[in-house]
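Predicted, not measured: the structure shown is a model, and the values here were computed from it.
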Amino acid sequence: MDLNSTTSNLEGQNEVDLIMFMGQSNMAGRGTAAQAPAVAPGTAYEFRAISDPKQLYPLSEPFGENENNPSGITEPGAKTGSMVSAFVNAYFGVVGRKVVAVSASKGGSSINLWQPGSAYLNDSIARYNAAKNWLTSNGYTIKNKFMVWCQGETDGDNAMDGATYTINITAMIEAMIAVGIENCYIVRIGNHRDNATLYHSIITAQTDLCRTYSNTILVSTKFAAMAEAGLMKDQFHYTQDGYNAIGADAGINTAFHIMTKKEPYMYDLVNATMYFSQK
């Protein structure tokens, strides 16, 4: 699909932002697609790097459901509704530039499986390169290239210490930066529904990384409020209303950083304080 075929003749209509949506199940989405917000025509597209890397598709839920690579990231039938539609709606509402989104998420995946040279990271890099090359070959200018990351519950379940998680997530981010990704926007994980402190070491590691590492920006802490709000469908996952709320929050905060180059302030429920960057 040519983006111009569904949009008016606006200045810069061939300029897009390329976004990789990466992580584990709460990025992949375990919600209900029919309850996700519709994405306005001409604002956001999915590049299907695995199932059909020859055109763009209007972005809809369940985002990424067809992107299954048996030698890399695959989970047929598992993606049922995500935060991505709400994210791109909020993001476009601020930035006003079309989005091309690529799915690269795998439920239940430890950060250990996202290290340089791993099947998941190699697949993600290949998907990114396929999207970038297709866009540039078809006359589009990519204004911003970044990733949105949500992952860590499995590492919390496995009692990974914060220092190890920090080393491993930094290695993953640096590998993505090496191929052209400019920033990693982190949607921080929430609490285990039945054990409110189980994930605190990972939550703290993600928060501290965003405070100090130059290419990593925290864009949502609101998953921590989902259990109390009744928006968890099981011990680990969220209702579609929960994903919609988080996607909108992260999309607005990401757009704020893209537009101002300033990091957003937000309330950190886990630490009962305002989050701000020390960078």
Side-chain angles (χ1 to χ4, degrees), residues 1-7 10 12-23 27-28 39-61 63-64 66-67 69 72-73 82-105 114 120-150 172-187 215-217 219 247 250-259 261:
M1 171 178 289
D2 187 330
L3 272 64
N4 298 336
S5 66
T6 57
T7 58
L10 300 176
Q13 64 183 355
N14 283 341
E15 191 172 71
V16 300
D17 286 351
L18 176 57
I19 309 177
M20 299 291 297
F21 288 94
M22 299 171 60
M27 177 57 80
V39 176
T43 62
Y45 298 83
E46 179 183 2
F47 180 78
R48 298 179 180 174
I50 303 302
S51 61
D52 188 10
K54 297 178 181 179
Q55 61 179 313
L56 298 175
Y57 289 83
L59 195 151
S60 64
E61 298 290 345
F63 174 72
N66 299 311
E67 297 306 278
N69 176 5
I73 298 168
S82 76
M83 70 174 82
V84 174
S85 290
F87 182 103
V88 299
N89 283 348
Y91 182 85
F92 182 86
V94 175
V95 176
R97 186 166 40 251
K98 290 181 286 292
V99 165
V100 175
V102 180
S103 172
S105 53
W114 290 92
Y120 294 164
L121 194 56
N122 284 348
D123 190 10
S124 299
I125 290 170
R127 295 180 189 208
Y128 165 73
N129 283 330
K132 180 183 66 175
N133 293 338
W134 187 91
L135 287 167
T136 55
S137 296
N138 284 275
Y140 299 105
T141 299
I142 305 172
K143 176 69 172 178
N144 297 289
K145 304 181 290 291
F146 59 87
M147 60 185 283
V148 182
W149 177 261
C150 183
M172 181 275 298
I173 294 168
E174 289 182 347
M176 292 300 294
I177 290 171
V179 299
I181 288 292
E182 295 152 354
N183 287 304
C184 174
Y185 295 94
I186 289 187
V187 177
N215 295 98
T216 304
I217 298 95
V219 291
I252 289 171
N253 284 326
T254 302
F256 175 80
H257 184 263
I258 288 289
M259 297 296 287
K261 307 307 178 187

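Side chains of Ser103 and Glu67: a donor-acceptor N/O pair is absent below 3.5 angstrom, by distance only.
When all heavy atoms of Leu121 and Ala175 are compared, the pair lying nearest together is CD2-CB, 3.7 Å. Between Ile73 and Asp123, the closest heavy-atom pair is N-OD2, 2.8 Å. Here the shortest heavy-atom pairing between Ile181 and Asn183 reads CG2-O, 3.4 Å. Pairing each heavy atom of Pro53 with each of Ser51, the nearest pair is CD-C, 4.0 Å. Closest heavy-atom contact between Ala40 and Asn89: N-OD1, 4.2 Å. The nearest pair of heavy atoms linking Val148 to Met27 is O-CE, 3.4 Å.
For Ser105, the side-chain hydrogen bond (donor to acceptor under 3.5 Å, both in side chains) test picks out no residue, with sequence neighbours left out. Here Glu46 pairs with Arg48 under the salt bridge (Lys or Arg N to Asp or Glu O under 4.0 Å) rule; sequence neighbours left out. The ring pair (Phe, Tyr, Trp, His ring centres under 6.0 Å) check on Trp114 picks up Tyr120, Trp149, with sequence neighbours excluded. Residues forming a salt bridge (Lys or Arg N to Asp or Glu O under 4.0 Å) with Glu174 (at least two apart in sequence, or on another chain): none. Under the side-chain contact (heavy atoms from CB on, under 4.5 Å) criterion, Asn133 pairs with Asn129, not counting sequence neighbours. By the ring pair (Phe, Tyr, Trp, His ring centres under 6.0 Å) test, Phe146 pairs with Tyr91, Tyr185, sequence neighbours left out.
Taking the side chain as every heavy atom from C-beta outward, Leu18 and Leu135 approach each other to under 4.5 Å. When side chains are defined from C-beta on, Phe21 counts as touching Val88, because their heavy atoms get closer than 4.5 Å. Arg127 is listed as a side-chain neighbour of Asn69, based on a closest heavy-atom distance under 4.5 Å. Under the 4.5 Å side-chain criterion, counting only non-hydrogen atoms from C-beta, Ile50 is not in contact with Asn66. Side-chain contact between Lys132 and Ile142: present, with at least one pair of heavy atoms (C-beta onward) separated by less than 4.5 Å. Residues Asn14 and Thr141 fail the side-chain proximity criterion, which asks for heavy atoms closer than 4.5 Å. Contact of the Ile125 side chain with the Met176 side chain is registered, since non-hydrogen atoms from C-beta on lie closer than 4.5 Å. In this structure, the side chains of Ile186 and Val219 stay at 4.5 Å or more apart for every pair of heavy atoms.
A salt bridge links Asp17 with Arg97; the closest basic N to acidic carboxylate O contact falls under 4.0 Å.
How far CE of Met259 is from CG of Asn144: 10.0 Å, rounded to the nearest 0.5 Å. Put simply, NZ on Lys98 and OH on Tyr140 are 8.5 Å apart, with the number rounded to the nearest 0.5 Å. Once rounded to the nearest 0.5 Å, the distance linking CE of Met172 with CD1 of Ile177 reads 9.5 Å. Distance check, rounded to the nearest 0.5 Å: CE of Met22 to CE of Met147 gives 4.0 Å.
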Check: Given Phe47 and Tyr57, is the ring-ring contact (aromatic ring centres under 6.0 Å, His included) satisfied, shown in steps?
Finding: CA-CA 7 Å; Phe47 180 78; Tyr57 289 83; 9.3 Å; no
Checklist line | Val99 vs Val16, side chain to side chain contact (heavy atoms under 4.5 Å, CB included): CA-CA, chis, key distance, verdict | finding: CA-CA 6 Å; Val99 165; Val16 300; over 6 Å; no
